[in-house]
Amino acid sequence: MEVPMSLNHSMETQSKLIARVPDITGRALPEWFQAIDNGPSFLRCDERANWLADEHGLTHGYAAAIVHEHERHRRSRHL
């Protein structure tokens, strides 16, 4: 049984995870954002994070951080 994952990292944890994404994953954030944009059209962030983790072999912590950052950037573009 899969344990539910939280997308609610502290700001400090989020910042640390995002700073390490390129080194840990070998891909920059814009590449991950493009993967999310081109991936399945999930409505919920946790579904996107699970897909990202499963499809690309990421830990759920990094997947959730990338999805959270993607949402933050997406919202700021639409303001």
Side-chain angles (χ1 to χ4, degrees):
M1 181 166 104
E2 190 167 320
V3 177
M5 168 191 62
S6 172
L7 291 176
N8 299 317
H9 301 294
S10 71
M11 292 290 284
E12 181 182 359
T13 300
Q14 176 70 13
S15 294
K16 288 179 180 181
L17 287 169
I18 290 302
R20 289 189 292 235
V21 163
D23 291 333
I24 297 295
T25 68
R27 295 171 76 177
L29 278 177
E31 292 177 71
W32 286 116
F33 294 171
Q34 186 174 24
I36 292 169
D37 290 340
N38 293 335
S41 296
F42 294 118
L43 295 178
R44 295 178 21 192
C45 290
D46 63 333
E47 293 173 322
R48 278 188 232 122
N50 286 332
W51 170 80
L52 204 59
D54 294 343
E55 185 72 18
H56 296 280
L58 298 174
T59 65
H60 283 282
Y62 280 104
I66 291 167
V67 168
H68 180 78
E69 197 69 12
H70 177 262
E71 283 298 303
R72 195 174 69 75
H73 281 265
R74 189 177 65 79
R75 280 191 298 256
S76 69
R77 286 190 308 241
H78 290 98
L79 291 180

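Everything numeric in this text was worked out from a predicted model, so none of it was measured. Position 1 is the first residue of the sequence, and the numbers go up from there.
In plain terms, the two heavy atoms of P40 and W51 that are nearest each other are CD-CE2, 3.3 Å. Nearest heavy atom pair, residue A28 against residue P22, reads CA-CG, 4.4 Å. In this structure, A35 and H56 approach most closely via the heavy-atom pair CB-NE2, 4.3 Å.
The backbone N or O of R44 sits less than 3.5 Å from a side-chain atom of E47, completing a donor-acceptor pair.
Annotation: side chain of V67 is not in contact with side chain of W32 (no heavy-atom distance under 4.5 Å). The closest side-chain heavy-atom distance from R20 to Y62 is below 4.5 Å. Counting heavy atoms from C-beta outward, R72 and E69 have side chains that approach closer than 4.5 Å. A heavy-atom distance below 4.5 Å is not found between the side chains of R74 and D37. Counting only heavy atoms from C-beta outward, the side chains of L17 and V21 never approach each other to under 4.5 Å. Proximity of C45 to H68: side-chain heavy atoms (C-beta onward) are nowhere separated by under 4.5 Å.
The CG atom of L29 sits 5.0 Å away from the CD1 atom of I18 when rounded to the nearest 0.5 Å. Remark: Q34 CD to R27 CZ distance equals 8.5 Å, nearest 0.5 Å. One finds the CD atom of E71 at 8.0 Å from the CD1 atom of I36 (value rounded to the nearest 0.5 Å). Considering OG1 of T25 and CD of E31, their distance stands at 8.0 Å, rounded to 0.5 Å.
Shown here are the side-chain hydrogen bond (donor to acceptor under 3.5 Å, both in side chains) partners of T59, two or more places apart in sequence or in another chain: there are none. Scored by the side-chain contact (heavy atoms from CB on, under 4.5 Å) test, S15 finds no partners at all (sequence neighbours excluded).
Classified by interplanar angle (parallel below 30°, tilted 30° to 60°, perpendicular above 60°), the ring pair H73/F33 is tilted.
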